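It should be emphasised that the depicted structure is a prediction, and the values quoted were computed from it without experimental measurement.
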Amino acid sequence: MNALDSRLVDIIRGVPTTMQVLRTVRDLELPDAMIFSGAVYQPVWNHLTGRAPDYGIKDYDVAYHDDSDISYEAEDVVIRRVAAQFDEPLKSLVEVRNQARVHLWFEKKFGADEPYPPLLTSADALKRFVATAFCVGVRMEADDSLSVFAPFGLEDLFAMRLRPNPLRVKGAGGWERTTGSAQARWPEITVEGQ
């Protein structure tokens, strides 16, 4: 684990709600499970700017990958199983998705103007977010250690810099909407490109 990974782990460990979600998901033994996106990068920005640890977190994205049954019905069983572990407000804020089936609905739901191929792991989804700073996930392991997944590294995250994901089609994926929403909550971030 490098210095930025360690720093991220220390910050995440200081966010009780995020740790509760991580622990619950780990204990449910969902295959290839992790949390990612805002529940991971936003606590870092809050730490860097002196805000409350869970400021601006709209949801806790829980990813798992199970290609043995990619039906909505199978995913819904897992969604309900996870939801049953939480009281409000977390019950409404934890969003569970089987990454093995995202390709079935992503383009239609988001009007994507680029293909969304099937994902082979939950970590593969991290290569699909619009900005490199968003491409980070964390998993709690059996020994309570936290594993960090960041295909583009953590430099942009800790620099509070939004740059387009180089693996995405230029101009695709709601760049202005997504970066505008982030900048409205954290005016300290800088936006580069696109």
Side-chain angles (χ1 to χ4, degrees), residues 1 5 8-9 12-13 15 17-44 57-86 90-112 114-154 156-157 165-169 172-174 178:
M1 187 177 293
D5 288 357
L8 172 66
V9 165
I12 293 299
R13 286 196 182 281
V15 185
T17 50
T18 302
M19 289 301 294
Q20 181 183 353
V21 173
L22 280 165
R23 193 171 293 105
T24 300
V25 169
R26 188 267 320 266
D27 292 349
L28 288 172
E29 298 180 349
L30 302 181
D32 193 23
M34 68 176 63
I35 64 166
F36 56 37
S37 198
V40 178
Y41 70 80
Q42 292 170 359
V44 172
I57 298 177
K58 295 179 179 179
D59 55 39
Y60 295 83
D61 290 310
V62 173
Y64 73 99
H65 190 279
D66 181 0
D67 59 6
S68 67
D69 184 346
I70 61 171
S71 69
Y72 171 76
E73 293 75 17
E75 181 183 56
D76 192 51
V77 167
V78 176
I79 290 169
R80 291 174 189 275
R81 185 173 158 228
V82 173
Q85 302 302 307
F86 296 104
L90 275 180
K91 182 178 279 215
S92 297
L93 296 177
V94 173
E95 294 190 2
V96 180
R97 296 293 176 265
N98 182 1
Q99 300 304 299
R101 67 179 309 275
V102 174
H103 67 283
L104 299 175
W105 54 261
F106 186 89
E107 293 175 51
K108 183 177 181 182
K109 179 174 182 175
F110 292 106
E114 61 184 305
Y116 198 104
L119 302 173
L120 302 177
T121 67
S122 290
D124 283 347
L126 297 173
K127 299 173 187 170
R128 303 293 307 159
F129 295 118
V130 298
T132 55
F134 298 165
C135 301
V136 58
V138 175
R139 170 184 297 138
M140 180 176 276
E141 305 295 350
D143 64 358
D144 285 348
S145 66
L146 298 182
S147 296
V148 175
F149 301 84
F152 303 105
L154 297 173
D156 284 346
L157 173 61
N165 177 341
L167 300 179
R168 297 287 305 271
V169 172
T178 304

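- Here the shortest heavy-atom pairing between G38 and I57 reads O-CG1, 4.2 Å.
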From CA spacing to verdict: side chain to side chain contact (heavy atoms under 4.5 Å, CB included), W105, Y72: CA-CA 10 Å; W105 54 261; Y72 171 76; over 6 Å; no
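- Of the residues Y64, F129, F149, the one that meets the ring-ring contact (aromatic ring centres under 6.0 Å, His included) test with F36 is F129.
- Using a 4.5 Å heavy-atom threshold, the side chains of R81 and V96 count as separate.
- Across M34 and G137, no two heavy atoms sit closer than the pair SD-CA, 4.2 Å.
- Between L30 and V82 the shortest side-chain heavy-atom distance falls below 4.5 Å.
- With sequence neighbours left out, E75 forms a salt bridge (charged side-chain N to carboxylate O under 4.0 Å, His left out) with R101.
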Working for side chain to side chain contact (heavy atoms under 4.5 Å, CB included), residues L8 and V40: CA-CA 8 Å; L8 172 66; V40 178; 4.0 Å; yes
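- Side chain of R139 to backbone of A33: a donor-acceptor contact under 3.5 angstrom is found.
- Across D32, I35, D66, a single residue satisfies side chain to side chain contact (heavy atoms under 4.5 Å, CB included) together with S122, and that is D32.
- Summarising the geometry of N98 relative to D69, their closest heavy-atom pair is ND2-O, 3.9 Å, with the distance given to 0.1 Å.
- Residues C135 and P151 come closest through the heavy atom pair O-CD, 3.3 Å.
- Here the straight-line distance linking atom NE2 of H65 with atom CD1 of I70 works out to 9.0 Å at 0.5 Å rounding.
- Expressed to the nearest 0.5 Å, how far OG of S92 lies from CG of D59 amounts to 11.5 Å.
- When Q20, R26, M19 are each tested for a side chain to side chain contact (heavy atoms under 4.5 Å, CB included) with L22, only one passes: M19.
- Two residues are said to be in side-chain contact when any heavy atoms from C-beta on lie closer than 4.5 Å; T132 and P166 meet this criterion.
- Within the 4.5 Å cutoff, the side chain of F152 has no heavy atoms near those of the L126 side chain.
- In this structure, Y60 and L90 approach most closely via the heavy-atom pair CE1-CD2, 3.6 Å.
- The 12-atom threshold is exceeded at NZ of K91, counting heavy atoms of other residues, nucleotides or ligands nearer than 6.0 Å.
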From CA spacing to verdict: side chain to side chain contact (heavy atoms under 4.5 Å, CB included), N165, R128: CA-CA 8 Å; N165 177 341; R128 303 293 307 159; 5.7 Å; no
Side chain to side chain contact (heavy atoms under 4.5 Å, CB included) between L154 and V148, worked out: CA-CA 10 Å; L154 297 173; V148 175; 4.3 Å; yes
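- With sequence neighbours left out, Y41 forms a side chain to side chain donor-acceptor pair (under 3.5 Å) with no residue at all.
- Atom CG of L28 sits about 13.0 Å away from atom CZ of R23, to the nearest 0.5 Å.
- Considering CE of M140 and CZ of R13, their distance stands at 5.5 Å, rounded to 0.5 Å.
- Dense packing is recorded around CD of E141, with more than 12 heavy atoms of other residues, nucleotides or ligands lying under 6.0 Å away.
- Within the 3.5 Å criterion, the main-chain N or O of T121 finds a donor-acceptor partner in the side chain of D124.
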